[in-house]
Amino acid sequence: MFLLGIAGIFVVLVSGVAVKYFFQWRKSVYEIDNKEFLYAALALCFAAVPLVTFVGYKVAINNQITYHENWNGWETRAEKYVTICTRDGSCRHCYDCDPYYVDESYDCSYTDSKGKRVSKTCTRKVKKYHSCPYTTEEWTFVVKTTLDDYTIASHNLPTNPENWRWRAFKSVPDYISSGVPQRWQEVKDRLAVGKPDAVVERHDYDNYILASHTTIMKKYSESVAKYKTANLFPAFNSQVHNLYYMNRVYFVGVTPASDPQWQDAMMRFNGALGMSLQGDLHLVVVDANKVTDPDNYHQALVAYWLSPEFGKDALSKNGIVVVLGTKDGKTVDWARASTGMPLGNENLMVQIGSDMKGVNLTPQDVLGYPTATVTGDRSVSLSLTQSAMEKLLWGPNKFERVHMKSQGKGSAGFEYLLKELEPTGSQKIWILVCGFLVGCIAWGICLVAGVPRYRSR
């Protein structure tokens, strides 16, 4: 940071000298005298440039360490909010109505017969319109979850809007959305019978390990290129669809009996895992006839998912990767597991590798079907089904989220990796550009202040 600050000071001083002598050479009315140059240089060197450098440095580092992870939860409420419509009110779908006139002032200055300009302000009547709604109500549909609120539709007209006219003689355009959205109604119906769906949402978090350029804590495998060429690697998925769903079961060389059932079971599993243990499971089912070295494949896959290829959406620190190998598509022949962190949960990963062998390869046997009971707008109670993965992640070697920062005595921390980080080349250039722009403002003020009429004041 010190050298970057020195470079910034050098840039603004050189630009200041160039501006000063350029305007002197042009013999311009704008000028910078020695006293003004000294004061501006002192302000820039000891206040403005160091502040710009400090803030720019912090922003650059924060940008480097910020990554994205999944937070998992459950639906809790399906709410319909009714807006009562009035003239000039808060309803969205309106038309111009009921004209009225207001006085408006305007400049009507003129030149008299002697050529003298006479200033004058006149008043005229201007026609305005009120805003009238088409219907007496507008409806907004929101799904509440343990994570956030999701607006399914905003300011819909009521069902059969012609029956809800605000004025009987004014018909309602048919292009305006109306009625209850099917998506919201489905949520309402399943909540009514106590069967909420799981949800997922992307959030920012700090990852010092992925941001570091030199740490040996990063995972690496020379086999990544080999498996990518053989199309044995699924791309890591971080895309949310339909507001709050995400696919996190991957099939490589294996045709699932029912992919939607797998994805649904994974959503529910992660809903329970995220709410209670703050984890996020990704399951890879691979053809064991094509992958003959489980350890090598698993290590390469995790290294690939943690690589810069996925940018800020790489496997997160709360991520759990479980790879299941199957030869017949019916049972698990081998299993390997790891997390997005280099340390922690070692016993659990070993137990997954041993206990998942021989498990029937069905969503119910592998993931189960966790359920939730709504207890409040942001809370649920969870029920597990004792599937193989549920027994493991909530078992004796229960999953524990590893923190980036030390949580006290005996807790690993990775804050020391921050010392390795520096702004990238492009970030340094932008910091210098910002310092240069601040310098330009300072020298511009000096030039304006140098105009004789201002200098005399």
Side-chain angles (χ1 to χ4, degrees), residues 61-62 64-73 147 200-221 236-238 246 248 266 269-284 295 298-308 310-323 335-356 382 384 389-421:
I61 297 302
N62 185 66
Q64 289 187 40
I65 66 176
T66 300
Y67 285 77
H68 311 309
E69 66 179 355
N70 294 332
W71 287 14
N72 298 284
L147 301 175
V200 62
E201 188 174 80
R202 299 290 281 171
H203 280 262
D204 292 346
Y205 79 105
D206 292 342
N207 194 318
Y208 309 147
I209 298 173
L210 293 182
S212 175
H213 302 296
T214 60
T215 177
I216 60 174
M217 303 298 287
K218 286 188 176 182
K219 294 185 179 181
Y220 172 78
S221 172
F236 182 70
N237 184 40
S238 60
M246 180 183 288
R248 281 164 287 184
M266 178 60 80
F269 184 95
N270 274 322
L273 182 63
M275 285 289 295
S276 59
L277 304 178
Q278 299 182 20
D280 183 58
L281 178 65
H282 291 258
L283 182 68
V284 180
D295 290 320
H298 162 251
Q299 292 170 6
L301 176 65
V302 174
Y304 175 52
W305 281 4
L306 287 169
S307 69
F310 297 100
K312 299 297 185 179
D313 292 316
L315 178 66
S316 62
K317 69 178 181 181
N318 72 333
I320 307 166
V321 180
V322 174
V323 183
R336 298 293 186 273
S338 61
T339 69
M341 293 292 282
L343 301 174
N345 295 290
E346 289 83 2
N347 291 336
L348 172 61
M349 300 302 108
V350 172
Q351 187 180 10
I352 290 174
S354 60
D355 290 6
M356 288 301 295
L382 300 170
L384 303 180
M389 290 301 301
E390 287 172 318
K391 291 178 182 178
L392 289 165
L393 268 69
W394 279 272
N397 295 315
K398 183 171 62 175
F399 172 77
E400 293 185 7
R401 180 184 174 117
V402 180
H403 298 276
M404 281 289 163
K405 295 181 179 179
S406 175
Q407 300 297 302
K409 187 177 180 180
S411 173
F414 300 91
E415 295 99 324
Y416 70 93
L417 296 176
L418 284 172
K419 298 176 182 178
E420 298 180 3
L421 297 179

Notebook entry, point to check: At their closest point, which heavy atom of Y67 faces which heavy atom of N207, and how far apart are they?
Noted result: CD1-CB, 3.7 Å
Notebook entry, point to check: So which heavy atom on Q64 is nearest to which on L421, and how close?
Noted result: OE1-CD2, 4.0 Å
Item checked: Separation between CD1 of I320 and CZ of F399, rounded to the nearest 0.5 Å -> 4.0 Å
Check: Is the shortest distance from a Lys or Arg side-chain nitrogen in R401 or E69 to a carboxylate oxygen in the other one below 4.0 Å?
Finding: yes
Next item on the list: Might you work through the side chain to side chain contact (heavy atoms under 4.5 Å, CB included) test for K398 and L393, ending with a clear yes or no?
Entry: CA-CA 5 Å; K398 183 171 62 175; L393 268 69; over 6 Å; no
Margin query: With a 3.5 Å distance limit and no angle check, can you tell me whether Q351 reaches the backbone of M349 through a side-chain donor-acceptor pair?
Written below: no
Next item on the list: Go through M389 and M356 one step at a time and tell me if the side chain to side chain contact (heavy atoms under 4.5 Å, CB included) criterion holds.
Entry: CA-CA 8 Å; M389 290 301 301; M356 288 301 295; 3.7 Å; yes
Next item on the list: Kindly compute the distance separating CG (N237) from CH2 (W305), expressed to the nearest 0.5 Å.
Entry: 9.0 Å
Next item on the list: Return yes if some donor-acceptor pair links the side-chain N/O of N345 with the main-chain N/O of E400 below 3.5 Å, else return no.
Entry: yes
Next item on the list: Grab the two heavy atoms, one from V322 and one from A337, that are nearest each other, plus how far apart they are.
Entry: CG2-CB, 4.0 Å
Next item on the list: Give the intermediate values and the outcome of side chain to side chain contact (heavy atoms under 4.5 Å, CB included) for residues W394 and L382.
Entry: CA-CA 12 Å; W394 279 272; L382 300 170; 5.8 Å; no
Check: So, the side chain of D280 versus the backbone of S316: is there a donor-acceptor pair under 3.5 Å, distance only?
Finding: no
Check: Do NZ/NE/NH1/NH2 and the carboxylate oxygens of D355 and K391 come within less than 4.0 Å?
Finding: no
Next item on the list: Compare every heavy atom of A314 with every heavy atom of F236, then report the nearest pair and how far apart it is.
Entry: CE2-C, 3.9 Å
Next item on the list: Please lay out, stage by stage, how Y205 and H68 fare under the test side chain to side chain contact (heavy atoms under 4.5 Å, CB included).
Entry: CA-CA 6 Å; Y205 79 105; H68 311 309; 5.6 Å; no
Next item on the list: Nearest 0.5 Å please: distance from the CE atom of M341 over to the NZ atom of K219.
Entry: 10.0 Å
Checklist line | Backbone of N62 reached by a side-chain donor or acceptor of T66 within 3.5 Å | finding: yes
Note to self: Quick check: do K405 and Y208 have side-chain heavy atoms less than 4.5 Å from each other?
What the structure shows: yes
Notebook entry, point to check: About how many Å separate OG of S221 and OH of Y304, when rounded to the nearest 0.5 Å?
Noted result: 13.0 Å
Item checked: Side chain N270, main chain L281, donor-acceptor under 3.5 Å -> yes
Notebook entry, point to check: Taking atom CZ of R336 and atom CG of D295, what is their separation to the nearest 0.5 Å?
Noted result: 4.0 Å
Next item on the list: For I352 and A335, work out which heavy atoms get closest and say how close.
Entry: O-CB, 3.8 Å
Check: For K317 and V402, which heavy atoms make the closest approach, and how far apart are they?
Finding: CD-O, 4.0 Å
Checklist line | Aromatic plane relationship, H203 with W71 - under 30° parallel, 30 to 60° tilted, over 60° perpendicular | finding: parallel
Item checked: Between CD on residue E390 and CG on residue L392, distance to nearest 0.5 Å -> 10.0 Å
Margin query: Are R248 and L283 packed together at the side-chain level, in the sense that at least one heavy-atom pair is separated by less than 4.5 angstrom?
Written below: no
